[in-house]
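Each remark here refers to the structure printed beneath this line.
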Amino acid sequence: MMPSRLLGLLVVALLIAAPFELPAFAMTLLTELVILGLFAMSLDLMVGYTRLVSFGHAAAYGLGAYASGYMLLNAPLPLPFAVLLATVMTGVVAIGVGWVCTLATGVSFSMLTLAFAQLLYAIAFKWTSVTGGSDGLAGIPRRPGPMGLTLLTTKSGFYYFTLVCLIGSLLLCQKLVASPFGAVLRGIRENEAKTSALGYNTRLYKIAVVAISYALGGLAGALYAPFAGFANTELLFWLLSGQVLIMVIVGGAGTLIGPIIGAAFFLLLAHYLSAYTEAWALFFGLVFIGVILFAPQGIWGLAAWRKRSAGFMAKVRADG
């Protein structure tokens, strides 16, 4: 078994054992980390594998959160069903978003995604009868699962539920990018004109990856609503879109694992710095600039590069 596979299994084992060792506050932070990791990984399908830079990915997160929160507040649905329906709803809406946004390319595509996110923000702010307006939806419950299963209502049970969603989504994305579909996405990333000349309808592929990416982002939002107990307009704001893009870049775009690491880095560093200064965002900005200048491939990409370099040097020494 490859060392990377062993490392992955060790990390999963530690995450499974976490509720037995960590205090309540640390478990809350870890659950938020898992949700943000899923959110960042969803954006990586567009940014890292297709080079579709979205400035409005918060639209997926906020839409999933509002849909999940509204159903949990107003319909007698178990938590897993509400999360699943919110995920599907976000993916369906994203088909329309992708159809419009893929009419443009480059910066124009990015600005269209931002426009859609701000449009949803305005709707959420004004449609008070459904969204609660600026107050949002409060008191979102964690309803028992099917057949009266109450495990999901506990802190540790909900954490395991989010962890299963993250691992399942990661495995799904790994299979997706390793498939012929993923090969076409990488072809679009490297040379869309050439890929189109080979007979592929690149626009349909881009619409599909937008829908999948938004659905997974909606899943993260659908988990966040019952985790936090509320959903408000900040989940649709452009600032969150910028933050998740930073997570992808810092962790390493085009790696799937990297954005999860980037989300952990962002959340933990922000938590640590905010404990010492209110200007934590300034210092985080300096860290981000440093990553861009000295490790443009991101944290995970830098680790992989160091591993390849070490292997190359070992081979050179062996040949010498």
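The chain is numbered in sequence order, starting from 1.
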Discussion item. Walk me through whether Thr50 and Arg189 qualify under side-chain hydrogen bond (donor to acceptor under 3.5 Å, both in side chains).
Written reply: CA-CA 5 Å; Thr50 323; Arg189 178 188 65 189; over 6 Å; no
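- Linking Ile, Leu, Val, Met, Phe, Trp and Tyr whenever their side-chain heavy atoms come within less than 4.5 Å puts Phe227 and Phe161 in one cluster.
- Counting all heavy atoms, side chain and backbone alike, Leu72 lies closest to Ala82 at CD2-CB, 3.7 Å.
- In the displayed structure, Phe125 atom CZ is contacted under 6.0 Å by at most 12 heavy atoms of other residues, nucleotides or ligands.
- For the ring-ring contact (aromatic ring centres under 6.0 Å, His included) with Tyr224, the qualifying choice from Tyr61, Tyr66, Phe39, Phe158 is Tyr61, the only one to do so.
- Following chains of ILVMFWY side-chain contacts shorter than 4.5 Å, one can reach Tyr276 starting from Leu268, so the two form part of one hydrophobic cluster.
- Judged by distance alone, the side chains of Thr153 and Arg142 never bring a donor and an acceptor atom under 3.5 Å apart.
- Between Ser68 and Pro226, the closest side-chain pair of non-hydrogen atoms falls below 4.5 Å.
- Rounded to the nearest 0.5 angstrom, Met247 CE and Leu267 CG are separated by 7.5 Å.
- Counting non-hydrogen atoms of neighbouring residues, nucleotides and ligands closer than 6.0 angstrom, the CD atom of Glu190 exceeds 12 such neighbours.
- Atom OG1 of residue Thr131 and atom NZ of residue Lys126 lie 11.0 Å apart, to the nearest 0.5 angstrom.
- Minimum heavy-atom separation, Gly69 to Ile140: CA-CD1, 3.6 Å.
- When the side chains of ILVMFWY residues are joined at heavy-atom separations under 4.5 Å, either directly or via intervening members, Tyr49 and Leu172 end up in two distinct hydrophobic clusters.
- Two residues are said to be in side-chain contact when any heavy atoms from C-beta on lie closer than 4.5 Å; Phe283 and Leu269 fail this criterion.
- Between Phe266 and His271, the ring centre distance reaches or exceeds 6.0 Å.
- In this structure, Trp127 is a member of the same hydrophobic cluster as Tyr70, with clusters built from ILVMFWY side-chain heavy atoms closer than 4.5 Å.
- In this structure, the side chains of Phe109 and Val210 come closer than 4.5 Å at one or more pairs of heavy atoms.
- Following chains of ILVMFWY side-chain contacts shorter than 4.5 Å, one can reach Trp238 starting from Val244, so the two form part of one hydrophobic cluster.
- Note: Leu219 CG to Ile35 CD1 = 9.5 Å, rounded to the nearest 0.5 Å.
- The two residues Ala40 and Val248 have their closest heavy-atom pair at O-CG2, 3.4 Å.
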Practice prompt. Decide side-chain contact (heavy atoms from CB on, under 4.5 Å) for Leu137 and Phe230; before the verdict, give the C-alpha distance in whole Å, the side-chain angles of both, and the deciding distance to 0.1 Å.
Written response: CA-CA 5 Å; Leu137 302 177; Phe230 69 90; over 6 Å; no
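- Taking each heavy atom of Pro259 and Gly252 in turn, the nearest pair found is CD-O, 3.5 Å.
- A pairwise comparison of heavy atoms in Leu45 and Cys173 identifies CD1-SG, 3.8 Å as the closest pair.
- Distance check, rounded to the nearest 0.5 Å: CG of Leu36 to CD of Gln243 gives 8.5 Å.
- Using a 4.5 Å heavy-atom threshold, the side chains of Val209 and Leu52 count as touching.
- Side-chain contact check for Leu286 versus Phe288: every heavy-atom pair is 4.5 Å or farther apart.
- Ile188 CD1 to Thr105 OG1: the interatomic distance, rounded to the nearest 0.5 Å, is 12.5 Å.
- Side-chain contact check for Leu166 versus Ile260: some heavy-atom pair is nearer than 4.5 Å.
- The shortest side-chain heavy-atom distance between Val47 and Ser54 does not fall under the 4.5 Å cut-off.
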Discussion item. What verdict does the salt bridge (charged side-chain N to carboxylate O under 4.0 Å, His left out) test give for Arg51 and Glu192, after you've listed the backbone C-alpha separation in whole Å, the side-chain angles of each residue and the deciding distance to 0.1 Å?
Written reply: CA-CA 10 Å; Arg51 200 168 288 165; Glu192 184 175 354; over 6 Å; no
Practice prompt. List the steps, then state whether ring pair (Phe, Tyr, Trp, His ring centres under 6.0 Å) holds for His57 with Phe116.
Written response: CA-CA 9 Å; His57 204 57; Phe116 268 104; over 10 Å; no
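- The aromatic rings of Phe284 and Trp280 stand perpendicular to each other, their planes meeting at an angle above 60°, with 30° marking the opposite boundary.
- Counting heavy atoms from C-beta outward, Val93 and Tyr214 have side chains that stay 4.5 Å or more apart.
- Interatomic distance, CZ of Arg143 versus CG of Leu152, reported as 13.0 Å (0.5 Å rounding).
- Classification of the Tyr205-Tyr200 ring pair by plane angle, with boundaries at 30° and 60°, yields perpendicular.
- Within a 6.0 Å radius of CZ in Phe81, no more than 12 heavy atoms belonging to other residues, nucleotides or ligands are found.
- Heavy atoms only, all atoms of each residue included: Met46 and Ser213 are closest at SD-OG, 3.4 Å.
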